[in-house]
Novice: 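So that we are looking at the same thing, I have put the structure below in structure tokens.
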Amino acid sequence: AFSASSTQLTSLIAEEFFANPLNEDKKMISFSDSVQDATFNSANINDRTYKFTLKRFIEKKLTEGHSLSDVCNNIIDKTSIRKMTPSERTELVGKYIPEKLKKKWQINKADFNFKKSEYSFEMIDSLVDVISHDVFGQFTFDARLGWSFENIGHSGFYLSEEDWNNIFEDYQKYFEKVDHQDILIGDIDIFKGFLLGIIQRFKHQGIVYTKFLDAYYNDSRADYYPSGRRYPNLDFFSLRKNQPMFFTTNQKPVYSSKRRTFQGIGAGQSWYYRWVKKHAEVTRVHELYDGICNLLTKKGILLAVGEGVDKNGPRFVLNPDKLLYTKNVITSKCNQCQHVHTVADYLKTDANGIPCHKSNCDGVYELTDNTIQKKYFEDYYAVDPYRINAFEHTGSLDSKIKEFVEDEFKAKESTTPSHDINYLSCTPTMEMGIDIGNLSSVLLKAVPRNAASYLQRVGRSGRTSGNSLDISVIDKNPH
């Protein structure tokens with residue numbers, strides 16, 4: 001357990017170190033006591049810090065008022081790639097390629113092929129599609145995870161104020177099968193809070209149209225996860241992660257019950273039923289959601305996809321053209337479970353005091369001051385993207401690979417900086433005999449049992465300037 005948590009902390013330390021504009025030496029060494037830990041640390045550093053690099057890149061591409069579909073489609077202009085030189089394309093790949101795509105392309109430091117002089121346009125196009133869908137995930141099905149832009153109160157994609165207000169013009173006529181005397185429909189303020197929760201739920205569950213899933217939307221069965229061999233550009237998804245999907249109002253859909261490949265109204269204990277009960281007693285719940293989907297489809301907020309192919313009825317997804325980017329957001333927290341809810345600032349009145357989105361919580365959202373945290377992350381993401389390439393340095397490495405890794409790490413200048421090895425995850429093999437003059441930081445994932453070994457490890461840094469930053473990550477147990 002400590003190894004896993006220390007690796008998470010190590011990745012955060014490394015990311016802060018490399019992102020610091022005052023740090024001109026973009027190199028770091030970490031020491032572990034076992035080969036397994038050093039290898040594990042190297043892989044996790046690459047995987048975790050890549051996400052920060054990508055978020056910094058995304059932040060610089062976001063423009064106030066642009067739609068989610070525009071941002072995803074134009075995150076990298078494929079036409080401009082055709083005008084790049086081979087070295088420029090190589091640098092683009094090095095900076096933004098995810099680790100799983102490296103495996104797919106068989107880019108391997110051990111085979112000395114990771115600095116390819118030529119990447120085909122087809123490979124680059126595939127990378128752009130991966131990045132585009134990663135952007136889509138950042139603001140939809142992954143918007144509630146970790147340091148996502150919305151989760152930290154930085155920014156997000158929401159309906160325009162005009163589209164939001166337009167929903168409620170003559171909205172009651174869409175609910176003829178629901179009792180108009182019901183407070184949920186009759187009180188527009190309550191209905192606004194209710195509908196805001198539905199739209200946020202759709203967005204956070206990935207019920208948003210994406211061009212990558214046209215074949216999935218039009219598949220009559222759609223009882224499988226949209227990944228793997230069916231959709232090669234999506235095979236970097238983990239089945240444990242959230243997935244893009246669609247919503248159906250059918251009362252008894254016959255899709256596989258073992259797979260969460262769609263969202264439906266469900267029965268009495270589903271989120272959609274509980275969300276209604278948090279606002280009012282409504283007996284005709286399915287008719288209520290039918291009316292909501294018809295209303296939002298008529299207003300252009302929802303799209304009906306896969307029409308005519310599904311005996312379960314229409315499939316609905318949010319229209320990404322209607323979701324517009326803004327940094328003008330406000331944050332509220334549940335007064336019981338502290339669940340965070342971020343919305344566009346014009347929704348301040350509608351969002352304040354609505355029930356918590358978590359099914360098992362009876363709290364309500366209250367506005368909170370997020371100024372300090374928002375300023376921190378604005379500065380954090382303002383730093384230029386810098387790729388951390390970690391590699392293990394252990395006694396089990398082949399001598400040729402070890403020599404190559406050491407030369408790469410010690411090199412002062414390079415024509416391919418985004419591919420260079422700049423982080424070594426080591427066992428005690430690096431304690432002695434290797435002089436790296438421009439290294440200014442060492443990170444210890446385990447404190448040696450004797451002072452001499454400790455001095456040998458931290459002595460790797462600061463040899464040129466005499467200054468160094470050495471950090472130890474320790475548990476509470478003595479040796």
Novice: Are E150 and H204 close enough that a side-chain donor and a side-chain acceptor fall under 3.5 Å?
Specialist: yes
Novice: Hey, are Q263 and Y272 close enough side-chain-wise for a donor-acceptor pair under 3.5 Å?
Specialist: yes
Novice: With heavy-atom distances below 4.5 Å as the criterion, would you say the side chains of F247 and R315 are in contact?
Specialist: no
Novice: Is the cationic atom of R201 (NZ for Lys, CZ for Arg) positioned less than 6.0 Å from the six-membered ring centroid of W271 and within 45 degrees of its normal?
Specialist: yes
Novice: Donor-acceptor check, side chain of D134 to backbone of V130, threshold 3.5 angstrom: yes or no?
Specialist: no
Novice: Could you tell me whether the side chains of D129 and S126 share a donor-acceptor contact shorter than 3.5 Å?
Specialist: no
Novice: Ignoring hydrogens, what is the shortest heavy-atom contact between L145 and N151? Give both atom names and the distance.
Specialist: C-ND2, 4.0 Å
Novice: Just by modelled atom types, is the A43 backbone N or O under 3.5 Å from a matching donor or acceptor in the D47 side chain?
Specialist: no
Novice: Looking at every heavy atom in both F149 and K55, which two are closest together, and how far apart are they?
Specialist: CZ-O, 3.4 Å
Novice: Walk me through it: do Y325 and L68 pass the test side-chain contact (heavy atoms from CB on, under 4.5 Å)?
Specialist: CA-CA 7 Å; Y325 177 75; L68 179 60; over 6 Å; no
Novice: Is the cationic atom of R56 (NZ for Lys, CZ for Arg) positioned less than 6.0 Å from the six-membered ring centroid of Y380 and within 45 degrees of its normal?
Specialist: yes
Novice: Looking at residues at least two apart in the chain, or sitting in another chain, which of them share a side chain to side chain donor-acceptor pair (under 3.5 Å) with S425?
Specialist: N41
Novice: Do V364 and I354 touch side chain to side chain, with heavy atoms closer than 4.5 Å?
Specialist: no
Novice: Please enumerate all residues that pass salt bridge (charged side-chain N to carboxylate O under 4.0 Å, His left out) together with D384, with sequence neighbours excluded.
Specialist: none
Novice: A side-chain contact here means heavy atoms from C-beta on lying under 4.5 Å apart; do I199 and W164 qualify?
Specialist: yes
Novice: Return the minimal non-hydrogen interatomic distance between F377 and I152, and the atom names on each side.
Specialist: CG-CD1, 3.3 Å
Novice: Give the C-alpha distance, both sets of side-chain angles, the deciding distance and a yes or no for side-chain contact (heavy atoms from CB on, under 4.5 Å) between Y50 and N389.
Specialist: CA-CA 9 Å; Y50 163 74; N389 293 308; over 6 Å; no
Novice: Looking at K358, I'd like to know if its NZ atom is crowded, meaning that more than 12 non-hydrogen atoms belonging to other residues, nucleotides or ligands lie closer than 6.0 Å.
Specialist: no
Novice: Cut-off 3.5 Å, side chains only: do E91 and S418 have a donor facing an acceptor?
Specialist: yes
Novice: Do the side chain of S132 and the main chain of V128 share a donor and acceptor less than 3.5 angstrom apart?
Specialist: no
Novice: Would you say D420's side chain and I388's backbone share a donor-acceptor pair under 3.5 angstrom?
Specialist: no
Novice: Looking only at side chains, do N294 and T297 share a donor and an acceptor under 3.5 Å apart?
Specialist: no
Novice: Can any side-chain N or O of Y171 pair as donor or acceptor with the backbone N or O of I185 at less than 3.5 Å?
Specialist: yes
Novice: So does K51 pair up with D142, basic N to acidic O under 4.0 Å?
Specialist: no
Novice: Answer whether the closest heavy-atom distance between the side chains of L302 and I207 falls below 4.5 Å.
Specialist: no
Novice: Would you please name every residue forming a side chain to side chain donor-acceptor pair (under 3.5 Å) with N335, sequence neighbours left out?
Specialist: E366
Novice: Can you tell me if T53 and Y96 form a side-chain donor-acceptor pair at under 3.5 Å?
Specialist: no
Novice: Could you check whether any side-chain heavy atom of I58 comes within less than 4.5 Å of a side-chain heavy atom of Y381, counting everything from C-beta outward?
Specialist: no
Novice: I'd like to know whether F246 forms a ring-ring contact (aromatic ring centres under 6.0 Å, His included) with F316, so could you lay out the CA-CA distance, the side-chain angles of the two residues, the decisive distance to 0.1 Å, and finally the verdict.
Specialist: CA-CA 6 Å; F246 58 82; F316 297 101; 9.8 Å; no
Novice: Contact between E59 and K327 at the side-chain level, heavy atoms closer than 4.5 Å - yes or no?
Specialist: yes
Novice: Are the side chains of K278 and F194 in touch, meaning some heavy atoms are under 4.5 Å apart?
Specialist: no
Novice: Of all the heavy-atom pairs spanning G186 and Q172, show the shortest one and how long it is.
Specialist: CA-NE2, 3.9 Å
Novice: Partners of K83 by salt bridge (charged side-chain N to carboxylate O under 4.0 Å, His left out), sequence neighbours excluded?
Specialist: none
Novice: With distance as the sole test, does D163 use its side chain to make a donor-acceptor pair with the main-chain N or O of L159 at under 3.5 Å?
Specialist: no
Novice: Could you walk me through whether V343 and V329 pass the side-chain contact (heavy atoms from CB on, under 4.5 Å) check?
Specialist: CA-CA 5 Å; V343 296; V329 296; over 6 Å; no
Novice: Would you say N73's side chain and S69's backbone share a donor-acceptor pair under 3.5 angstrom?
Specialist: yes
Novice: Do Y209 and V305 have side chains that get closer than 4.5 Å, going by heavy atoms?
Specialist: yes
Novice: Tell me, please, which residues at least two apart from D125 pass salt bridge (charged side-chain N to carboxylate O under 4.0 Å, His left out).
Specialist: R82
Novice: Can you give me the closest heavy-atom contact between T326 and S155, atom names plus distance?
Specialist: O-CB, 3.2 Å
Novice: Run the numbers on D170 and K298 for salt bridge (charged side-chain N to carboxylate O under 4.0 Å, His left out), then give the verdict.
Specialist: CA-CA 12 Å; D170 301 323; K298 184 68 174 179; over 6 Å; no
Novice: For Y365 and H357, what are the C-alpha separation, side-chain angles and deciding distance, and is it a ring-ring contact (aromatic ring centres under 6.0 Å, His included)?
Specialist: CA-CA 9 Å; Y365 290 112; H357 289 178; 5.3 Å; yes
Novice: Walk me through it: do F17 and I471 pass the test side-chain contact (heavy atoms from CB on, under 4.5 Å)?
Specialist: CA-CA 11 Å; F17 175 80; I471 303 171; over 6 Å; no
Novice: Are any side-chain N or O atoms of K322 and backbone N or O atoms of G300, one a donor and one an acceptor, separated by less than 3.5 Å?
Specialist: no
Novice: Are R144 and H341 close enough that a side-chain donor and a side-chain acceptor fall under 3.5 Å?
Specialist: no
Novice: Suppose we screen for side chain to side chain donor-acceptor pair (under 3.5 Å). Which residues come up paired with Y158, at least two apart in sequence or across chains?
Specialist: none
Novice: A quick test of your reading: do over 12 heavy atoms of other residues, nucleotides or ligands sit less than 6.0 Å from NZ of K348?
Specialist: no
Novice: Would you check if the side chain of N328 reaches a backbone N or O of D345 as a donor-acceptor pair within less than 3.5 Å?
Specialist: no
Novice: Once rounded to the nearest 0.5 Å, what's the spacing between atom CG of N370 and atom OG1 of T368?
Specialist: 7.0 Å
Novice: Please check if the number of heavy atoms outside E162 that lie under 6.0 Å from its CD is greater than 12.
Specialist: no
Novice: Begin with the C-alpha distance, continue with both residues' side-chain angles, and end with the deciding distance and a verdict on ring-ring contact (aromatic ring centres under 6.0 Å, His included) for H133 and F136.
Specialist: CA-CA 5 Å; H133 208 276; F136 175 83; 5.2 Å; yes
Novice: NZ of K333: more than 12 outside heavy atoms within 6.0 angstrom?
Specialist: no
Novice: Quick check: closest heavy atoms across Q336 and C361, and the distance to 0.1 Å?
Specialist: CB-SG, 4.0 Å
Novice: Under the 3.5 angstrom rule, does the side chain of Y174 hit a backbone N or O of D290 as a donor-acceptor pair?
Specialist: no
Novice: May I ask you to establish whether K203 and F139 are in a cation-pi arrangement, using a distance under 6.0 Å from NZ or CZ to the six-membered ring centre and at most 45° from the ring axis?
Specialist: no
